[in-house]
Each structure stands twice: as C-alpha cells, then as structure tokens.
Protein chains: 2
Amino acid sequence: MTVDGRATRGDATRQAVLDTALDMFAKQGYRATSVRDIAARCGITHPGLLYHFPTKEALLKAVLERRDEVDRAEADDGVVDFANLDGRALLAHLVASAAKNATKRGIVELFANLSVEATAPDHPAHQYFVERYASLRATLIRGLDALASAGVLRPGVVPATAAAHLIALMDGLQIQWLLDARTDMAGSLRSYIDTVLTEPLAGP
Amino acid sequence: MTVDGRATRGDATRQAVLDTALDMFAKQGYRATSVRDIAARCGITHPGLLYHFPTKEALLKAVLERRDEVDRAEADDGVVDFANLDGRALLAHLVASAAKNATKRGIVELFANLSVEATAPDHPAHQYFVERYASLRATLIRGLDALASAGVLRPGVVPATAAAHLIALMDGLQIQWLLDARTDMAGSLRSYIDTVLTEPLAGP
DNA sequence: GTCTATAGCTTGATAGAC
DNA sequence: GTCTATCAAGCTATAGAC
C-alpha cells in the first residue's frame, strides 16, 4: 500500500516477496536460502527482487519487521498491550504463544535458526536480537516483580533468575520440539511456571 | 595412530586437521567454514585435506566423534561413568559442565549452531543429535528417578518434565550467554536444580 | 601423502535494455 | 518494475602428476 491507500502492482510483488522470504528463511534458515530461490517462487528473477530490496540483508530486516507487525496484530485480538499485562496474564500469554508456535514449524525454525546465527556480533540481525531479548527480559522481570509484591510468588524465587529461566526454556524447548514433535512446549513451560507461583496458572 | 601403535606423518596431519576444523566450525559455524580455510591453516591445500576426509561431511562427523572422546576423557578425571553417576553427582556434573563451557565460546557456538541446524532431518549431523538428546534425556530421567526414590526430590516434580527442563535450560542459557557474556549459565542452572531438590546441591 | 590444475556449480550484486 | 546478461567470488570435489 502506498501512503494514500492505493495499492500498486509493485506493492503486491513486494508483499509476495516478503511472505515467500519469511516462509523460506523459516524452513531452511537465512544463510541456506538464496535470493534466486525466493525470487523464483515469486515468479520473478533475482534482479527483479533486488529492485524491491537492494540486498539480501535488507530483505531479512524487512521480514523481521513484518513478523513483528503480524505478531502485534494477532496479540491485538483484544487490543492487549504485551508490555503492560499483569503478571499472571503475561505468563499465560507465554504459554499460549508456545501452544500457537506448535502449529507453525516454519516460524519456529526461523527464530531458532536466527537467534543462534545472530549471536555473532557481525550478523545483520544481531542488534535486532539483542534488543528483542533485552526487552522480553525486562517485561518478564516487571511482571514477576508485580507478582512478588502481590505475594503470589513462591518464596525464594528471584525475578531476574526466573526471567532468564523462562526465556531459556522457550528457546530450548523449541529445539527439542523441532527434533521431536511429540515435545509438549506449552505444557512443559506451564509446569515450570507452576513451580514459581504459589497457585497454579488457570486456563486451558 | 595406526593399529599397531606407530604414528605416521599422515596421522599427525589428520590430527591437526581435526583440531583446526573443530576450532573453525566452532568460531564460524559449519556452513560458514570452507574446507580451503581449514586446509590453509593446517599448511596444506584442500585436496590434501580431502585425502584424509573424503568429504566435508565426513570431516564434521569425525570432529563430533573427537569432541565426544575429549569430553569423555575429561570426565574421566576420576574414571567416572557419566551414565551411571548417582543423581546428585549427575546434576552437579551438569553445573560443572556449564561452568567449563563458559571458558570455551567456540565449543558453545559449535553446538548451539549445530543443534539447530541439525534439526533438519536431512542434515548430516541429524542422527547424531537425535541420539545425543535421547541419551541425555534417558540418563537424566534415570538420575531423577533415583533421587525420587531416595525421597530428596521436591514433591510434585515429575522426572521426565524436569529432564526436559534441564536440557532446555542448558540450550537456552547458551544462547543468552552468547548474546551477553555476563549471563551466568552455571548459576542459573544450579538455581533451577535447587528448586527441584529438597536440599540444595553442595559444592563450589 | 600431498601437490597443481581445473571442472562445475552457486552465490550476491550490477549494468543496461525495455 | 522487470528483464537478460554478466561479473567476481566463493564453494566442493576430482584427475592426475610427483
């Protein structure tokens, strides 16, 4: 879409490239996917693609931004603001995300692949992931602090430690699930959360 | 070494290649490291290298096997058999491993990279990782079962679930540590273990 | 056991026509 | 906006000399 709301042909192609790139980065990883492959699946040639995204790296960044938009849109079912959920709702949201991820192998592969690749300081997505982890960690600590104040955190649980555990569990369980789809990411995460709270998390 | 115990020049080269490959796969990932680069750092050409290991894939497998040998040798400080440690010693060993890993960024990068890459069923190291995870999981469940029988497991802790948590934590904490070296892998792991036991793990 | 030389392929990116 | 054509560079792997 252009700023004034009219869709052009170029924008349609741009969208198709973005969707296809997301799918292929997800299934094969960023490094293992070539610009040519993406272009071919969109019915154009690779210089055609590079007209819209000048480099492969620019395409990756656009894909990540688009992914965040989609996630935000989905979370806005009830116009919820993730960063300001109350403690229990925040933890419930993590479990729900894990359950939803189990229906999207491609997305899980993309982020599992990238979060390791992007660990290298010179990776195009390095800064994106540094910020992503820092922000998630901060949100979790805030939520756990609130739960501590409300007295529903099991004594001895340190918010910063539990936050690190939660993030590690989400990442680690994804690897186990990718290796063996019988892994219950959501259930496993929930059972950790229940050891942290004085009263189990409600819900499905 | 040849079967009868005599070292030959070829064997020395073989060893150098193995060590160098481990180092470079670790620092840059398997896919991003070329056979040429490895050969050059060994002072030979790449066809020279391919005489010893017919393909890059064969080299990877040899590196993984070598890594396991070294790990086993290190664990055998006191001639300990990892799979038959008693429960507490097994958990203490995990913490010690995490601490040791924090001195070897290369190795951590190699395994973090590979455990995600190898999630793809057609990856050369797929079977290796499937078996690695299954065996670690089995060992952990056995150890936790023993602790449960001894009555030192906090009530409500399910061995299979705690085993999945421990593996996920080790993998996930590695990613956080690679992103930010201030992450305390060993401490974080230990604090999870302490929530699972009725009495904290002794030791440094 | 290691070399030179090279085949044969894929990659990301650019120039310039239409 | 998309194409053809092409570049320069990288890769794994092989053939055959020494």
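Each chain gets a letter, A, B and so on, in the order the sequences are listed, and its residues count up from 1.
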Pairs touching residues 32-50 of chain A that satisfy salt bridge (Lys or Arg N to Asp or Glu O under 4.0 Å), sequence neighbours left out: A/Asp23-A/Arg41
Using the ring pair (Phe, Tyr, Trp, His ring centres under 6.0 Å) rule, collect all pairs that involve residues 13-43 of chain B, keeping only residues at least two apart or in two chains. B/Phe25-B/Tyr30
A/Asp68: what forms a salt bridge (Lys or Arg N to Asp or Glu O under 4.0 Å) with it, not counting sequence neighbours? A/Arg132
Ordered by number, residues from residues 112-121 of chain A within less than 4.0 Å of DNA chain C (heavy atoms) are none
For nucleotides 12-18 of chain C, read 5' to 3', which letter fits each nucleotide if B means a protein heavy atom sits under 4.0 Å from the base, S means only the sugar-phosphate is that close, and - means neither? BBB----
Mind checking side chain to side chain contact (heavy atoms under 4.5 Å, CB included) for A/Pro47 and listing every partner two or more places apart, or none if nothing turns up? A/Thr45
Could you check whether A/Arg190 pairs with A/Asp194 (Lys NZ or Arg NE/NH1/NH2 to Asp/Glu carboxylate O, under 4.0 Å)? no
Applying ring pair (Phe, Tyr, Trp, His ring centres under 6.0 Å) as the test, list every pair that has at least one member in residues 158-194 of chain A; sequence neighbours left out. A/His165-A/Tyr192
Salt bridge (Lys or Arg N to Asp or Glu O under 4.0 Å): which pairs involve residues 161-180 of chain B, sequence neighbours left out? B/Asp180-B/Arg182
Angle between the end axes of the helix from C/dG1-D/dC18 to C/dC18-D/dG1, five pairs per end, to the nearest 10 degrees? 0°
Residues in side chain to side chain contact (heavy atoms under 4.5 Å, CB included) with B/Val158, at least two apart? B/Thr161
For C/dT2, does OP1 or OP2 lie under 4.0 Å from any side-chain N or O of B/Thr45? no
Side chain to side chain contact (heavy atoms under 4.5 Å, CB included) against A/Ala148, all qualifying residues, sequence neighbours excluded: A/Leu153
For the side chain of A/Tyr51, starting at C-beta, report the closest nucleotide among D/dC3, D/dG1, C/dG1. D/dG1
Going by the rule side chain to side chain contact (heavy atoms under 4.5 Å, CB included), which residues pair with A/Ala134 if we only count those two or more places apart in sequence or in a different chain? none
